[in-house]
Amino acid sequence: MASPHYPEGTVRALLQTDLVTEATRAALLPRLDTSPYTPQFFDGATYELLRAVVARIYPQPERVEPIELAPVVDKRLAVGDSDGWRYDAMPPDREAYRLGLGGINQAAQALFQQPFVQLPESQQDQVMEAVANGTAPGENWQQLPIDRFFEELLAELAEDYYSHPLAQEEIGYVGMADVPGWTHIEPNQLEPREPEAVK
Amino acid sequence: MPDEEVLEEGVLNPIKPEIQDPLLKSLLAEDDSLLAEAPIELEQQAPLPDPIDEVDCVVIGTGAGGAPLLARLAMAGLKVVALEAGPRRDPTKDYATDEKAQHFLFWNDERLSAGQTPVAFGNNNSGTGVGGSTLHYTAYTPRAHRGDLSLFTDFGKGVDWPFGIEELEPYYEELEHFLGISGPTPYPWDAKRRKGYPLAPLPLNGAALLMQKACAGMGIKTSPAANAALSARYYQEGIGWREACTNRGFCQAGCNRGAKASMDVTFLPLAEAYGAEIRADAFVTEIERDAKGRVTAVVYTQHGEQKRQRCRHLFLCAGAVETPRLLMLNELALTSGQVGKNFMAHPGMQVWGTFDEDIRPYKGIPGGLISEDTHRPSDADFAGGYLLQSIGVMPVTFASQMARKRKLWGQPLRDYMRSYNHTAGINILGDCLPHENNFLELATEKDARGLPKPRVHFTAQENEQRMNAHAEKLMRQIWEAAGARDIWAFERYAHTIGTARMGLSGDDAVVNPDGRAFDVPNLYICDNSVFPSALSVNPALTIMALSLRTADKFLEAQQRLDG
């Protein structure tokens, strides 16, 4: 069975209703803001490199305006926010991103003699494949455990992407409609505010 | 919480602590690397306000270890003050049903995770705020079993607790009724209990029903689990009516309804009704002593100001990371050599699968169904045992764990996540043996407060690895029987335990069986750090039971002194 698809517009519509508490609405609505973002932590070139990397991990060809994750990462690093722990084998987060993104560029140069952002998508994917397999060339990987870097990158991006209301809509999650509570909780029991998959 | 780099870039930190204790100061001054950051001229420091007011007891931490005893001490008529590092919030107005927005609920000061199986902190096991980690616990409240306290006697491994289950049972009973725990009566794996649960079990969600059916077919006994979330409205002294759970499934990121028995809606209001004072945003840095080594006061920072609170007795209830960290920072109660040692974390292996059924794993109490048939499995090649439970999960937590384990990226990642609504999980909660290689130390790296970060070494040893293998095999069988496909396992370690163990002698333990520090007559420690072994059940209920017991033991000792 292929993964289901859910109808568009359900979460956006829900957020306008009184099925959502004020606190939850206040958390979600700002994430729909698509106004341009100027990086605060990364320099311009590194920021574009991060965007290009994110675009391979979360390719969104079907979206006119893809969900942007680079601003979320940049803001976190600018503020210095932490999730409460770090692998002891890893340098502090800012250094890890500098080294890791640099390492991805080194791998791009070594494999295709061009910076990552200038490669076609298929070659970018080959570079990412090498990072995922832990085989990417580049001197930065001498200082940074490549497997932990990739794991941390995936985890942070997953938390950012699936916090976005439209990504939650994509997977059919409507837990943000939190005023009424749930009474139909058994398998295959849905409530009116839970969208059914598109047949 | 900004990390250390903010400091490096020259942002003034208004809460950088000055070391007050002369002994600690001289110790720090001996260390060249710290010299520049540890001012040595006392005259230059602004004098701290030194209120004449001395309270009977200061309690550091308002979670499962601190809150019950705070209420008990206040009800005994003592003047008590609790210092909570985190904020006080109003769940009904401030809590969003959104995992990212609830970030404030977790202890986000960075900890360093070392060893072969590094433990995740933050939202994995460490809360903050008035209510501590109970603000984010899953409300799972099984009792420990008799055998959990006698691992060494039964297996020749680990250690025994210095007392038996009969010491905890009256407190379990009291807690189940005070908190309004919903659970099965009689309890299938402990049918002789004197009292049943006060409320019927919560309804079972998709994962629970799938597990129930599969286990029935395999001859594994299951039952709706005991959960500290109300299946019906419940009245509590000092608090009033608490509303029933609405199956929002969000326990781990904060209940906005008061249905989950976190400390902020149970023991803490009770304590306040009896005159206890709770100071939020109060981060303790120093514990001051007199020449005889008795605690005289604690120093804390609150809203950028340093303050001192004098006390006759101190109860340290900051959890198995911050408690040993505070003891180490203050060179306090260290003579046993056991502070920071024997860090334990529960094997919490999860198995996930994709089902044809529409599950919607965000609905219902997450840990709906339990089996304790695996408490002492007949075919075990390890000491101790584990419990099995069904699990619900919120999308961000699921995505994050899945990404760490499966390393999916690109279109396969997005495709897999679109099956979220058809995902259900089961997991274990297993015993963990203390081991010398698993410990906490202070790193040289500092946090934004200028304090050394804790570094926690954890490597799952042979016993944990064998238990994981046993459990993974069984859970895969259950999920196959339930009809799951694309089954995968996530090796995970839950809870922070150990690091200030309780025992019979000050030679090998930090606190005595009453929770009093061997080295310091007026210091009590009460949280998961005093656990000599990890138990094969979730720790919250036992921490609360120890908390009430510690208060009673303290009050008895005071009466003896007075009488």
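Below, chains carry the letters A, B, ... as their sequence lines are ordered, and counting in each starts from 1. Every heavy atom of this structure was used, including side-chain atoms; hydrogens, water molecules and symmetry mates were not.
- Interatomic distance, B:Q102 CD to A:T24 OG1, rounded to the nearest 0.5 Å: 8.0 Å.
- A:E159 has its side chain out of reach of B:N123: every pair of non-hydrogen atoms, C-beta onward, lies at least 4.5 Å apart.
- A salt bridge is absent between A:E151 and B:K405: the closest approach of a Lys/Arg side-chain nitrogen to an acidic carboxylate oxygen does not fall below 4.0 angstrom.
- With values rounded to the nearest 0.5 angstrom, B:L413 atom CG is found 4.5 Å from A:Y162 atom OH.
- For A:E194, the parts lying under 4.5 angstrom from a heavy atom of chain B are both the backbone and the side chain.
- Closest heavy-atom contact between A:A155 and B:S400: CB-OG, 3.9 Å.
- Put simply, of B:K100, B:M417, B:R414, the one with the most heavy-atom pairs under 4.5 Å next to chain A is B:R414.
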Check: Going through the distances and angles, do A:M176 and B:D98 end up as a side chain to side chain contact (heavy atoms under 4.5 Å, CB included)?
Finding: CA-CA 7 Å; A:M176 76 292 290; B:D98 179 83; over 6 Å; no

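- In this structure, chain B has no heavy atom under 4.5 Å from any part of A:V179.
- With B:N421 contributing its side chain and A:G172 its backbone, the two residues share a donor-acceptor pair below 3.5 Å.
- Using modelled atom types, one side-chain atom of A:S82 and one backbone atom of B:N108 make a donor-acceptor pair closer than 3.5 Å.
- The choice from A:E156, A:E196, A:Q60 that makes the most heavy-atom pairs within less than 4.5 Å of chain B is A:Q60.
- Counting heavy-atom pairs under 4.5 Å between each of B:R111, B:H457, B:R257, B:R418 and chain A puts B:R418 at the top.
- Interface residue B:R404: backbone and side-chain heavy atoms are both found under 4.5 Å from chain A.
- Of the two parts of B:R360, only the side chain, counted from C-beta on, holds a non-hydrogen atom closer than 4.5 Å to a non-hydrogen atom of chain A.
- With respect to chain A, the highest number of heavy-atom pairs below 4.5 Å among B:P118, B:S126, B:G115, B:P412 belongs to B:P118.
- Looking at A:R25, neither its backbone nor its side chain comes within 4.5 Å of chain B, counting heavy atoms on both sides.
- Note: A:D160 leads A:L157, A:L28, A:D160, A:T21 in heavy-atom pairs under 4.5 Å with chain B.
- Between chain B and the residues A:E22, A:Q189, A:E62, the largest count of heavy-atom pairs under 4.5 Å involves A:E62.
- To the nearest 0.5 angstrom, A:W85 atom CH2 is 14.0 Å from B:F106 atom CZ.
- Atom CZ of B:R233 has more than 12 neighbouring heavy atoms from other residues, nucleotides or ligands inside a 6.0 Å radius.
- Using a 4.5 Å cut-off between heavy atoms, A:M90 makes no contact with chain B at all.
- Within 6.0 Å of CD on A:Q40 lie more than 12 heavy atoms contributed by other residues, nucleotides or ligands.
- Of the possible donor and acceptor atoms, none in the side chain of B:R248 sits under 3.5 Å from a partner among the backbone N and O of A:G181.
- B:P395 and A:I171 make their closest contact through CB-CD1, 3.8 Å (heavy atoms, listed as atom of the first residue, atom of the second, distance).
- Between A:E186 and B:L204, the shortest heavy-atom contact is CG-O, 4.3 Å.
- Side chains of B:Y362 and A:V174 form a contact here, defined as non-hydrogen atoms less than 4.5 Å apart.
- Contact annotation for B:N205: both backbone and side-chain heavy atoms come within less than 4.5 Å of a heavy atom of chain A.
- For the pair B:W409 and A:F150, the minimum side-chain heavy-atom distance is below 4.5 Å.
- Interface residue B:Y95: only backbone heavy atoms are found under 4.5 Å from chain A.
- Between A:P4 and B:H422, the closest heavy-atom pair is CG-CD2, 4.0 Å.
- The CG atom of A:D81 sits 4.0 Å away from atom NE2 of B:H103, with the distance rounded to the nearest 0.5 Å.
- For chain B, the option among A:P59, A:A89, A:G175 with the highest count of heavy-atom pairs below 4.5 Å is A:P59.
- Of the two parts of B:V456, neither the backbone nor the side chain holds a non-hydrogen atom closer than 4.5 Å to a non-hydrogen atom of chain A.
- Neither the backbone nor the side chain of A:R76 comes within less than 4.5 Å of any heavy atom in chain B.
- For a residue to count as touching a neighbouring chain, one of its non-hydrogen atoms must lie under 4.5 Å from one of that chain's; by this rule B:K93 touches chain A with the backbone only.
- Considering CD of A:Q168 and CD of B:E99, their distance stands at 8.0 Å, rounded to 0.5 Å.
- B:M394 touches chain A through its side chain: at least one heavy atom from C-beta onward sits under 4.5 Å away, while N, CA, C and O do not.
- Interface residue B:L209: only side-chain heavy atoms are found under 4.5 Å from chain A.
- With rounding to the nearest 0.5 Å, the separation of CG in A:D125 from CD in B:Q411 is 11.0 Å.
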